[in-house]
Amino acid sequence: MEWLSDEQRFSAIEENLKIIRENIASAAIKSGRDPNDVNLMAVTKTVESRFINHAIENGINLIGENKVQELLTKRPELKLDDCKAHLIGHLQSNKVKKIIGAVDMIQSVDSVSIAKEIGKRSLEAGITTEILLEVNAGSEESKFGFSFDELFEKSCEIAEIKGISIEGLMCVAPICEKEAEIRNVFSNMYGMFIDIGAKNIDNIHMSVLSMGMSGDYKEAILEGSNLVRVGSAVFGTRIYR
Ligand SMILES: *Cc1c(COP(=O)(O)O)cnc(C)c1O
């Protein structure tokens, strides 16, 4: 949408949000749930603050950023009084200290060691940080996250760490797959989410199942997602500078 004026982009964002909310509602109803049970996160990587604030003014109450530095740079410009911010991108341990206290949740916890660092820095700051465990649900070599095979064992190990609270699971599904295959990935995620939650382990609350992006959020909701992370369908195609 780079060739559009700001005014045109503002109204495109409003239109997009309307369509996405309708799609979320119909997928939720189709899966037998209340549309309000599915949270819409606007993914704001590469998006300038004025457009993010416009989405917030139009009802967005959750945003996601991939990079620590980008989030910290934009944060003072954002109207976050009634809007939460989550980190959703891979986190390096030397950046943990900076991000603690600056986000409401870290969705992209993909190793025991990063969880330990988050716990340590949270304790130093006197807070508990909510986290999701990232799952490499499509078993792709290029992707971060725990495999399904190790997920339960690692969850238990991470649950022992002080200063963090496990709130659920997150995944990025493989792209360019057939709908049935993607739905199978989401369905496996939902199975793990329910199984681990049913074990009632201390410090593991399976309340958030974060899956679904612009291309696959409807399928994700049909399989049980309660948090979809939508970027380009809200703000237009990303331009990396
Ligand atoms: C970029 C990103 C999204 C949003 O992607 P779109 O396809 O633009 O909706 C969601 N989740 C993560 C982890 C991302 O990096």
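Ligands are counted one by one from 1 in listed order, and the atoms in each one are counted from 1 as well.
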Any side-chain donor-acceptor pair under 3.5 Å between Ser165 and Glu167? yes
[X] with [Y]: basic N within carboxylate O range, under 4.0 Å:
{"X": "Glu57", "Y": "Lys79", "result": "yes"}
{"X": "Arg183", "Y": "Glu219", "result": "no"}
{"X": "Lys143", "Y": "Glu140", "result": "yes"}
{"X": "Glu22", "Y": "Lys18", "result": "no"}

Quick check on contacts: which atoms of ligand 1 are under 4.0 angstrom from a heavy atom of [X]?
{"X": "Ser214", "result": "6 (P), 7 (O), 8 (O), 9 (O)"}
{"X": "Ser232", "result": "6 (P), 7 (O), 8 (O), 9 (O)"}
{"X": "Val230", "result": "9 (O)"}
{"X": "Asn66", "result": "14 (C), 15 (O)"}

Can you tell me which residue and heavy atom of the protein come closest to atom 5 (O) of ligand 1, and the distance to 0.1 Å? Met213 CE, 3.6 Å
Nearest heavy atom to atom 1 (C) of ligand 1 wins, so pick from Met170, Arg229, Lys45.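 The nearest heavy atom belongs to Lys45.
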Main-chain N/O of Ala159 paired to Asn203 side chain as donor or acceptor, under 3.5 Å: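 Yes; at least one donor-acceptor contact below 3.5 Å.
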Name of the residue among Lys45, Lys74, Lys84, Arg75 meeting salt bridge (Lys or Arg N to Asp or Glu O under 4.0 Å) with Glu65: Lys74
Does an N or O anywhere in Gly231 fall below 3.5 Å from an N or O of ligand 1?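 Yes, there is a polar N/O contact under 3.5 Å.
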Proximity of Ile88 to ligand 1 by residue part, where a heavy atom lies under 4.0 Å: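 The answer is both.
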With backbone taken as N, CA, C and O and side chain as the heavy atoms from C-beta onward, which portion of Gln107 lies under 4.0 Å from ligand 1: side chain, backbone, both, or neither?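 Neither part.
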